[in-house]
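The sequence lines fix the lettering, A, B, ..., with proteins before strands; numbering per chain opens at 1.
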Protein chains: 4
Amino acid sequence: MQQETLQKEDGREHRSEASRARILNAATEIFAQKGPEGTRVDEIAEKAGINKRMLYHYFGSKEDLYVEVLRNNYDKIFTLSKKAFKLGDNPKENVTRAVRAYFYFLAQNKEFVRLTSWEALSGGRFIGKVIPQFFDLVELEFGDIIKDGIQRKFISPDTDIRQVLLSVQALCLAYFNRRELVQPLWREDMLSEEMLEARLQHILNLIFEGIFSHKQEGE
Amino acid sequence: MQQETLQKEDGREHRSEASRARILNAATEIFAQKGPEGTRVDEIAEKAGINKRMLYHYFGSKEDLYVEVLRNNYDKIFTLSKKAFKLGDNPKENVTRAVRAYFYFLAQNKEFVRLTSWEALSGGRFIGKVIPQFFDLVELEFGDIIKDGIQRKFISPDTDIRQVLLSVQALCLAYFNRRELVQPLWREDMLSEEMLEARLQHILNLIFEGIFSHKQEGE
Amino acid sequence: MQQETLQKEDGREHRSEASRARILNAATEIFAQKGPEGTRVDEIAEKAGINKRMLYHYFGSKEDLYVEVLRNNYDKIFTLSKKAFKLGDNPKENVTRAVRAYFYFLAQNKEFVRLTSWEALSGGRFIGKVIPQFFDLVELEFGDIIKDGIQRKFISPDTDIRQVLLSVQALCLAYFNRRELVQPLWREDMLSEEMLEARLQHILNLIFEGIFSHKQEGE
Amino acid sequence: MQQETLQKEDGREHRSEASRARILNAATEIFAQKGPEGTRVDEIAEKAGINKRMLYHYFGSKEDLYVEVLRNNYDKIFTLSKKAFKLGDNPKENVTRAVRAYFYFLAQNKEFVRLTSWEALSGGRFIGKVIPQFFDLVELEFGDIIKDGIQRKFISPDTDIRQVLLSVQALCLAYFNRRELVQPLWREDMLSEEMLEARLQHILNLIFEGIFSHKQEGE
DNA sequence: AATGAATGAGCTTTCATTCAT
DNA sequence: AATGAATGAAAGCTCATTCAT
């Protein structure tokens, strides 16, 4: 079914590559918006401006196309994690840098956020085909940062790294995930630069300090 | 669409009520599992052990049934928030009590968690019909707890309550939401009593202290 | 199926007779309005204010009920024809009397008009069960009137009686049949006493004189 | 609903047009036979020899298809009225020509006759979507003929044109409408050339003379 | 490489009818 | 005599997929 086009380095057939890309873009947008079940093949074809038949020509089936969309999006974060998560000397700065990178990646990849959520709800039914040993690749690198923080005694030694990873992810993702639901109640545009930065600072603050002021607590 | 068969005090329509309830239960389970689009009416009917026709008799349409399922589940958390969020004297204890109540409510209402998520993804398309001014009703009460914490100077005055609410919700929900995705990587059963309590402690710790030990930081 | 209630002269069970009558009335109205295919059994039951089950108890099936409705309505015109079509001495008066009787019968039996039309369209599918040798019983008597008119040389001897019957029927029926369609174009209320009488006069005039004035024609 | 596939002058979509036409033909026949309620979409598809899906592709819904069938048939009589109802010098000939044209149009358009009747019974529910200001377009032109007859003093000045139109229509339509019902009683084939002509002559005679011989009457 | 036309399986919904009391 | 609850068959409609060019 899944006809991988192998003509990448022969330089001919721009048309075909272009068509394939347009399908993939359209599919990404619609799958992200409506989920795998809610998406209609016709809608993708129309949005891509190509004949529905080509979609099957290039991707084999609706499901295969969806998987391809997932792969494509996970490649992005894989790339990010490779680049942005260098381990520096200062654990706090390491965490700050990584969370910031992750948070703004999500801000700029709306589709990624939603695709992840659909996947979470379908219990990773499809993602398994993309990343057999799935977990957000980010976690690997980020895990190392936490480990390093523990070794350097900045973070308590009995910290469960998995919990931390889950929490950081949740704190970042939720802002975008629940945005449509809560936007009506927040006055400001939640995607404005200021609000994004405000959310990031809230997250970092939470991670480093919690919300309870320690002087009070220490009394 | 004839939702409420009027009780003519002759006590005979138990059957009717029972059928209605069985449909609602089956629907809750399947809608939670597969989402509004992925759910098949036949499957609900089969699971409820009734003729498909009755489903339309009692609920009018698939969509109306879904909305009814939502309403039913939101009633539960509404009840919870009324009961569990009394404001006591100690802000830290208030928060602890509320978070614990919310977290264990989620632990015990798997369907609620998933229904919420489907709704978030569909941009609250249906929930609007249930709660016109939608937001997790919990937020209202929980917000008061935070406000009180600020007034008593346990929480910094420039704290954005909305951010806190979003974060607490995210920290609790994510554990159940992403469970299916990450379970393979965690050795223990994430729903065991110990693990649930461990997660709750992690969340409370994060809220009160953050993950960075302050002595280290303070050096 | 068709359970003819045979308790007519034992005087007991008024309730049952009453129920049967209410079903028949409701059915008559709705069948006349929407036709055999467009009618819903539930609607009849609701209008009759009885349980749907009784409908089956008394009439066996939807179709049998429809046939019963037809029989009931044809009885009316049968009765009419027995009463109103006495053969007098003056052919013109005979015709006038008969047409008037028929026309006003239609005016007062809206349902009869419509039921006849549905039957005509279904090719007498059901009426066959009521009147094996069907034709509007009126025709028999009216036919005699025309025959008499011919014998007395008031009507041309080569007149085809069947054509005349068909025409008279058409001229009367059409006024009520097409009323809903043309009413918007006629200013007056087509069912007012004046307009009814006007139509009757037009029909009689047409039958006796045609619409072309003979003086002109004779020139 | 995508009714008109735009001709891209490459002449290839004959198939498409042909399919559309076959659906329309099949639909016309079956809707005429069984009425909008009695018609089954599957039956149309089977008769047209196409997949049911295409019917929805071309026409959107069963109801829209029905409306299209109506439009299509009313176009025919519109065309007729444009062509056949020229106003000549002799009123009697004008009427004769028009009635003949109308009568034979009905004889040759069995479906039109029945579709009109279904519409009349449903109170013009659908026709409204086709001809907003509905009335048989014929009436317009025919009305002019009568008016002209009045002006030239061939027809009495107090004649109500609406009544005449209604009557002429009724006299023509009824012959075809009630044919199925009365055919068993007439020996001859009512659709034979001779019988058609006989009916037309009867109608014309009725219009011009009435059925009562004037010598008798005049005595 | 690309397309318009077509399809079959399956979905939601409706309806006349019967069961159990 | 009367009823509320329940049903199976079939209706209208949709969707991913393939055929023919």
Inset, instruction - Run the salt-bridge test on Arg114(A) and Glu180(A) with the 4.0 Å N-O cut-off and return the result as yes or no. - result: yes
Inset, instruction - Provide, to the nearest angstrom, the distance between the NZ atom belonging to Lys62(B) and the P atom belonging to dC13(F). - result: 18 Å
Inset, instruction - Provide the Watson-Crick or G-U wobble partner of dA1(F), both distances under 3.5 Å; none if there is no partner. - result: none
Legend entry - N or O in side chain of Ser16(D) less than 4.0 angstrom from dA5(E) OP1/OP2: yes
Inset, instruction - Could you state the atom-to-atom distance from CD of Glu43(C) to P of dC15(E) in whole Å? - result: 10 Å
Legend entry - Side-chain N or O of His57(B) closer than 4.0 Å to phosphate OP1/OP2 of dA6(F): no
Inset, instruction - Could you pick out which residue, Thr39(D) or Ile50(C), lies toward the 5' side of DNA chain F when each is mapped onto its nearest nucleotide? - result: Ile50(C)
Inset, instruction - Could you tell me whether Tyr74(C) and Phe112(C) have their ring centroids closer than 6.0 angstrom? - result: yes
Legend entry - Rounded distance in Å - CG (Asp42(A)) to P (dT7(E)): 17 Å
Inset, instruction - Find out whether Thr39(C) and Tyr66(C) are in side-chain contact, i.e. whether some heavy atom of one side chain is under 4.5 Å from a heavy atom of the other. - result: no
Legend entry - Base-pairing mate for dA6(F) - Watson-Crick or G-U, with both contacts under 3.5 Å: dT17(E)
Legend entry - Residue Met54(B), side-chain atoms from C-beta onward, closest of dA2(F), dA6(F), dT3(E): dA6(F)
Legend entry - Distance in angstrom units between Leu55(C) CG and dA1(F) P, rounded: 15 Å
Inset, instruction - Answer yes or no: is there a donor N or O on one side and an acceptor on the other, between the side chain of Lys62(A) and the main chain of Pro36(A), under 3.5 Å? - result: yes
Legend entry - Under 4.0 angstrom between Ser19(D) side-chain N/O and dA5(E) OP1 or OP2: no
Inset, instruction - To the nearest Å, give me how far apart CD (Glu37(D)) and P (dG12(F)) are. - result: 10 Å
Inset, instruction - Would you kindly give the CD-to-P distance between Glu46(A) and dT3(E), to the nearest whole Å? - result: 14 Å
Inset, instruction - Please state how far atom OH in Tyr58(D) lies from atom C1' in dA6(E), giving the value in whole angstrom units. - result: 8 Å
Inset, instruction - Tell me whether the OP1 or OP2 atom of dG4(E) has a side-chain N or O from Asn51(A) closer than 4.0 Å. - result: yes
Legend entry - Distance below 4.0 Å between Ser61(A) side-chain N/O and dA16(F) OP1 or OP2: no
Inset, instruction - Examine dC15(F): is either OP1 or OP2 under 4.0 Å from a nitrogen or oxygen in the side chain of Tyr56(D)? Give yes or no. - result: no
Legend entry - Protein-nucleotide distance (Asp64(A), atom CG; dT18(F), atom C1'), rounded to Å: 16 Å
Legend entry - N/O (side chain, Arg53(C)) to phosphate O (OP1/OP2, dG4(F)) under 4.0 Å: no
Legend entry - Point-to-point distance, once rounded to the nearest 0.5 Å, from NZ of Lys47(D) to CD1 of Ile23(D): 14.5 Å
Inset, instruction - Answer yes or no: is there a donor N or O on one side and an acceptor on the other, between the side chain of Glu119(D) and the main chain of Phe126(D), under 3.5 Å? - result: yes
Legend entry - Residue met sooner reading DNA chain E from 5', once Lys52(A) and Lys52(C) are mapped to nucleotides: Lys52(A)
Legend entry - Phosphate contact (dT14(E) OP1 or OP2) by Arg40(C) side-chain N/O below 4.0 Å: no
